[in-house]
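Lettering follows sequence order; numbering is per chain, from 1. This is a predicted model, so every value here is computed, not measured. Values below: all heavy atoms of this structure, side chains included; hydrogens, waters and symmetry mates excluded.
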There are 2 protein chains.
Amino acid sequence: MNIGDVAARSGLPAKTIRYYEEIGLIRPLRSDNGYRAFRDSDLHKLAFIGRARGLGFSIEECRKLLALYDDRQRASSDVKALAEAHLTQIAEKIVELRAMEATLKALVSACAGDDRPDCPILTGLAEAGECCG
Amino acid sequence: MNIGDVAARSGLPAKTIRYYEEIGLIRPLRSDNGYRAFRDSDLHKLAFIGRARGLGFSIEECRKLLALYDDRQRASSDVKALAEAHLTQIAEKIVELRAMEATLKALVSACAGDDRPDCPILTGLAEAGECCG
DNA sequence: CTAGTCCTTCCCGTAACAGGAAGGTCAAGG
DNA sequence: CCTTGACCTTCCTGTTACGGGAAGGACTAG
């Protein structure tokens, strides 16, 4: 398979696939003409990475997940620990975003949104409120 | 005020303040010795930016907010529109994170997390589930 | 033989800074 | 006067995960 096929089948852009090779996530073979020659195993890895990325794992986390995936001697506890750590980060991000959302919603709802200059959003940002810690 | 004072009072790192000057968010004066000389108005702007950043506004959004803040002829509707657009982005991000969280939680709870290699998290990532769109 | 599509590498740009090097400035102390 | 230390300056590199685009080789269809 050439990179175009793999891109279509994995849903990842060719650029991204080249990048993943560059950083050593995958190691496709090369044809005589210099084209990358992807095996099914490469495609599977790319799909794996794509799904892990879709769950918000960083590239380095994906690298660890791939290593665990390749390691038949792994302990599932290692995988679970990685996933739980990531879950914690997701939860923290959600908390942070909800705090922003709550504060901003309050400011927005207090703003008339007409053609006059008075704006609680701007004064809220200008004054040291309790808003943002 | 020197940059150290402003950093302490605004809560922003000196590096960040220099960066904000570099991209034109603030324009502090200069003393004869070459040191930046901050006025109260600079400090206020930095505090404003800091709070806007704390609410998740991008630098460019902060730039627009600052422009609106400086413009006594502004319409509050312009500010509100900016804030509402940002609120929408926050909401979308939360939805995305919650979807990740739900999927990952399901995988994690299905994983024994012991010393054996069998791991639903890895197989879930390896197989084309309905998990990630 | 040519047009069009695919592939290659290489280099720059993104957001919002952080870290650190090399060197100038200033206030205090001996 | 000299030094020490804390402050300030600019400049350069690195971060994350790619995207855009140039310059040029490879392959396929007509």
Enquirer: Using a strict cut-off of less than 4.0 Å between a Lys/Arg side-chain nitrogen and an Asp/Glu carboxylate oxygen, indicate whether A:Arg63 and A:Glu60 qualify as a salt bridge.
Expert: yes
Enquirer: Taking five pairs at each end, how big is the angle between the two axes of the helix from C:dC1-D:dG30 to C:dG30-D:dC1, to 10°?
Expert: 30°
Enquirer: Please list, chain by chain and in numerical order, all residues satisfying ring pair (Phe, Tyr, Trp, His ring centres under 6.0 Å) with A:Tyr69, sequence neighbours excluded.
Expert: A:Phe48
Enquirer: Nearest to the side chain of A:Pro13 - C:dC17, C:dA16, D:dG19?
Expert: D:dG19
Enquirer: How about B:Leu125 and A:Leu55: do any of their side-chain heavy atoms sit closer than 4.5 Å?
Expert: yes
Enquirer: Could you tell me whether the side chain of A:Glu101 reaches within less than 4.5 Å of the side chain of A:Leu97, counting heavy atoms only?
Expert: no
Enquirer: What is the distance, to the nearest angstrom, from the OH atom on A:Tyr19 to the P atom on D:dG19?
Expert: 11 Å
Enquirer: From CG of B:Asp32 over to C1' of D:dC8, roughly how many Å is that when rounded to an integer?
Expert: 15 Å
Enquirer: Testing A:Ile17, A:Ile3, A:Val6 one by one against A:Leu12 for a side-chain contact (heavy atoms from CB on, under 4.5 Å), which residue passes?
Expert: A:Ile17
Enquirer: Please report, rounded to the nearest Å, how far the C1' atom of D:dG19 is from the CD atom of A:Glu22.
Expert: 13 Å
Enquirer: Show every salt bridge (charged side-chain N to carboxylate O under 4.0 Å, His left out) that has at least one partner inside residues 30-41 of chain A, sequence neighbours left out.
Expert: A:Glu21-A:Arg30, A:Glu21-A:Arg36, A:Arg39-A:Asp42
Enquirer: Assess whether a salt bridge exists between B:Asp70 and B:Lys45, defined as any Lys/Arg side-chain N lying under 4.0 Å from an Asp/Glu carboxylate O.
Expert: yes
Enquirer: Between B:Ile23 (CD1) and C:dA16 (P), how many Å, whole number?
Expert: 8 Å
Enquirer: Give me the residues of residues 59-66 of chain A where at least one heavy atom lies under 4.0 Å from an atom of DNA chain D, by number, or none.
Expert: A:Ile59
Enquirer: Can you tell me the distance, in whole Å, between the CD atom of B:Gln89 and the C1' atom of C:dA15?
Expert: 14 Å
Enquirer: Answer with yes or no whether the side chains of B:Asp114 and A:Ser76 bring together a donor and an acceptor at under 3.5 Å.
Expert: yes
Enquirer: Taking side chain as C-beta onward, heavy atoms only, is A:Tyr20 less than 4.5 Å from A:Ile49?
Expert: yes
Enquirer: Is A:Thr16 near enough to D:dG19 that one of its side-chain N or O atoms lies under 4.0 angstrom from OP1 or OP2?
Expert: yes
Enquirer: Taking only residues two or more places apart in sequence, or in another chain, which ones meet A:Phe57 in a ring pair (Phe, Tyr, Trp, His ring centres under 6.0 Å)?
Expert: A:His86
Enquirer: Would you say the side chain of A:Glu96 lies within less than 4.5 Å of the side chain of A:Glu92, judging by non-hydrogen atoms?
Expert: no
Enquirer: Mark up nucleotides 5-12 of chain C, 5' to 3', with B wherever a protein heavy atom is under 4.0 angstrom from a base atom, S wherever such an atom reaches only the sugar-phosphate, and - elsewhere.
Expert: -BSBBB--
